[in-house]
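Single-structure report; data block below.
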Amino acid sequence: MTLTVASWNVNSVKARLPNVLDWLSEAKPDVACLQEIKTVDEGFPRMEIEDLGYNIETHGQKSYNGVAILSKHPIEEVRCGLPGDESDEQARYIEAVISAETGPVRVASIYLPNGNPAPGPKYDYKLAWMERLRLHAKNLLAFEEPLILAGDYNCIPRDSDCWDIAEWESDALALPQTRAAFRALKWLGLTEAFEQLDGRGHQYTFYDYQAGRWNKGHGIRIDHLLCSPQAADRLEAIEIHTKTRGKEKASDHIPIVGSFSL
DNA sequence: ATGTCGTGCTGCGCACGA
């Protein structure tokens, strides 16, 4: 059996609804982790997406942030919010266990803080959030089960993951501390799916709306799937659905889809 | 390029976040 797990920052699920429905209908991912839904739970276009055969769990918020997990298989054990800071009110993390036909797969939809401007309080929040994610991922890895942490990590892992590092080297998405925190996460034993199976430079998942970045090919790779050993062993393909970025009313992010023999 | 989007109210143009 193949289980496909996708991550897509939709930049408002309501503004993006036709694009989201088109993509779900064509790509038919078994599991889709969405970020920046930009709506409270009650505002999520539930019926339209359920009609395509998806179960839905959301962790929404007014105006900003908000994450969701869509699944063609039953969803269990839902957790909303990243542990480690009771005062954090930003909706950036939802996790659930998917009852796939061959067994349970734990999946998280992650919207990691942008962190700009850096340095500053927003960057401090980003780094603290990444450390909380590391501690939580460490606990999840102890289950020794298939685990996929999918999301917008707001991290450019390598210089070759952007069109011109000179434009990004002092940005919160590429600063050494950001990359170090991302590596620390991987050092727990998580495999980054694209790096493992493809690894080419200049394969982008985000093109800013501004300055004609899409038309110029000026993108960055910041959306990632991090896999536990039990998921990485079953990873068979990774695809970036670049075509979605060229459509009318496109999100600035592009879906990334992993295929697992699970 | 001060370049574009999406949200929500200080609201029909602006501030903010990205």
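Sequence lines set the chain letters: A, B, ... in the order given, protein chains first and strands last, and positions in each chain run from 1. Basis for what follows: all heavy atoms, side chains included, without hydrogens, waters or symmetry-related copies.
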To check you understand the geometry: which heavy-atom pair defines the closest contact between A:E192 and A:P157, and what is its length?
OE1-CG, 4.1 Å
Using heavy-atom distances to pick each residue's nearest nucleotide on DNA chain B, tell me which of A:T39 and A:R213 is more 5'.
A:R213
Going 5' to 3' along nucleotides 12-18 of chain B, which nucleotides have protein heavy atoms under 4.0 Å from the base (write B), which only from the sugar-phosphate (write S), and which from neither (write -)?
----BSB
Look at the aromatic rings of A:H224 and A:F182 and report parallel, tilted or perpendicular, splitting at 30° and 60°.
tilted
Ranking A:K249 and A:A211 by the position along DNA chain B of their nearest nucleotide, the one closer to 5' is A:A211
Got a sec? Which of residues 15-26 of chain A come in under 4.0 Å of DNA chain B, heavy atoms?
A:A15, A:R16
Under 4.0 Å: is that the gap between some side-chain N or O of A:K14 and OP1 or OP2 of B:dG8?
no
Closest heavy-atom pair, A:G60 versus A:I37, reported as atoms and distance to 0.1 Å, is CA-CD1, 4.1 Å
Name all residues meeting the salt bridge (charged side-chain N to carboxylate O under 4.0 Å, His left out) criterion together with A:R16; count only those two or more places apart in sequence or in a different chain, and write none if there are none.
none
Name the residue from A:I240, A:T205, A:L225 that meets the side-chain contact (heavy atoms from CB on, under 4.5 Å) definition with A:F194.
A:I240
Suppose the criterion is ring-ring contact (aromatic ring centres under 6.0 Å, His included): which pairs have a residue in residues 36-60 of chain A, not counting sequence neighbours?
none
Roughly how far apart, to the nearest Å, are B:dA18 and B:dC12 at atom P?
25 Å
Using the test side chain to side chain donor-acceptor pair (under 3.5 Å), find all partners of A:D85 that sit at least two apart in sequence or belong to another chain.
A:S87
When the P atoms of B:dT10 and B:dG17 are compared, how many Å lie between them, rounded to an integer?
16 Å
Got a sec, which residues hit salt bridge (charged side-chain N to carboxylate O under 4.0 Å, His left out) with A:E77, two or more places apart in sequence or on another chain?
A:R106
